[in-house]
2 protein chains.
Amino acid sequence: MTLPDSDPLDLDRQVCFPLYAASNLLNRLYRPILAELGLTYPQYLVMLVLWKHTPQTVGSLGDMLHLDSGTLTPLLKRMEKAGLISRTRDATDERRVLIDVTPKGRDLKSAAARVPEMLGAGLDIDTESIIELRSRVRALVTALKGVPVGES
Amino acid sequence: MTLPDSDPLDLDRQVCFPLYAASNLLNRLYRPILAELGLTYPQYLVMLVLWKHTPQTVGSLGDMLHLDSGTLTPLLKRMEKAGLISRTRDATDERRVLIDVTPKGRDLKSAAARVPEMLGAGLDIDTESIIELRSRVRALVTALKGVPVGES
DNA sequence: TACAAATATATTGCGCACAATATATTTGAT
DNA sequence: ATCAAATATATTGTGCGCAATATATTTGTA
């Protein structure tokens, strides 16, 4: 009774699949550009946050990037090892770890400023589409954050 | 990738970040539901393709899902080990490996039919937004596939 | 002031996702 | 027919991303 084009298991009907594919393809596009700065994409996101406001805690970074300590702790340790950030226990609350940029990390900012334009260059997509897309994806992210964890 | 005007390094102006976040959050939402079927999200995508048309090669799956053999080969081996698919060298071209569903894999289809509705249930987003979003993301995926590999 | 609950980060184990590389097979130009 | 180039898959090593769990610190309440 189900029409061919209403089959819920059709890959082309899925919303999640294009999002998954776009995320992978974007990461693939970013990789060689960010590699010149010695960064991965999630590391680049951490730097974007730190360049705006510092210090951050592991938790505040996780809230903003929607990641948990299982992802962030090893990532931040690698960034510390690379000399880009510092990790210090908060003296006023020993549970927390304060994340700050080092001088080397701050120096990266000027080079990173040219990353966005490098990416946009080869992409045949107009500004209106990008703005509309961004607004729609943001709405989805908001909706996804609103889903209770154990929800059926 | 950012929009013109203003600070290009502002997390809020990025288009890629919400896409990255949405992809992660969706995967997190899918995980427990698909776990009941013994599948991960990319494995689920492989099954969606195979339920439509079989057999596929590693390469044809990669073309459709935008993944390469480095990702697919170990993934498919795990699915074979789980008894969901078979992997056979193509007798007419020994370079290829034919991927087919097993009876056990085919049986999963009916249970999987309820996955999409289970996901949509808790999401406070209207149909129009979803359709518009899907169309915009598809356009981005198309544009991303059009970027030359060594592009600067 | 105890001390259980809440909070913050770290650890473990698994499965992607990718670049780089390796191996085997087929194709095509001579 | 030969053999270099192209094609298809596999392997290696690195870095996420996550659930589950562990550990340490702080908070709230009796």
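Sequence lines set the chain letters: A, B, ... in the order given, protein chains first and strands last, and positions in each chain run from 1. Because the structure is predicted, anything quoted here is derived from the model rather than measured.
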*asked:* Judged by each residue's nearest nucleotide on DNA chain D, which is more toward the 5′ side, A:Asp90 or A:Thr40?
replied: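 Closer to the 5' end of DNA chain D: A:Thr40.
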When you compare the side chain of [Y] with that of [X], does any pair of heavy atoms fall below 4.5 Å?
| X | Y | result |
| --- | --- | --- |
| A:Phe17 | B:Leu45 | yes |
| A:Gln14 | B:Leu48 | yes |
| B:Leu19 | B:Leu140 | yes |
| A:Arg106 | A:Thr54 | yes |
| B:Leu39 | B:Val46 | no |
| B:Thr40 | B:Arg78 | no |
| B:Leu11 | A:Lys52 | no |
| A:Ile99 | A:Glu80 | no |

*Counting only heavy atoms not in A:Asp126, do more than 12 sit closer than 6.0 Å to its CG atom?*
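Yes, the 6.0 Å shell around CG holds more than 12 heavy atoms from other groups.
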Can you check the [X] [atom1] to [N] [atom2] distance for me, whole Å?
| X | N | atom1 | atom2 | result |
| --- | --- | --- | --- | --- |
| A:Tyr20 | C:dC18 | OH | C1' | 12 Å |
| B:Arg31 | C:dC14 | CZ | P | 14 Å |
| A:Leu25 | C:dA17 | CG | C1' | 11 Å |
| B:Leu34 | C:dC16 | CG | P | 11 Å |

*Side chain of A:Lys77, backbone of A:Arg87: donor and acceptor closer than 3.5 Å?*
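Here the side-chain-to-backbone pair does not exist.
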_Which residue lies more 5' along DNA chain C, comparing B:Leu75 with A:Asp93 via nearest heavy atoms_ =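 It is A:Asp93 whose nearest nucleotide is closer to the 5' end.
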*Same apolar cluster (I L V M F W Y, side chains within < 4.5 Å links), B:Val58/B:Leu98*: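 Result: no, two separate clusters.
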*Using a heavy-atom distance cut-off of less than 4.0 Å, which residues of residues 58-71 of chain A contact DNA chain C?*
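Of all residues in residues 58-71 of chain A, the ones placing a heavy atom under 4.0 Å from DNA chain C are A:Val58, A:Gly59, A:Ser69, A:Gly70.
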*Which of residues 76-87 of chain B sit near DNA chain D, with a heavy atom under 4.0 Å from it?*
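Those residues are B:Lys77, B:Arg87.
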*asked:* Considering every strand and a 4.0 Å limit on heavy-atom distances, what is the contact class for B:Tyr30: base, sugar-phosphate, or nothing?
replied: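 Nothing, no nucleic acid heavy atom in range.
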_Below 4.0 Å from chain A heavy atoms, what is the first contacting nucleotide of DNA chain D and what is the last?_
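Here the contact window of chain A covers D:dG15 to D:dT26.
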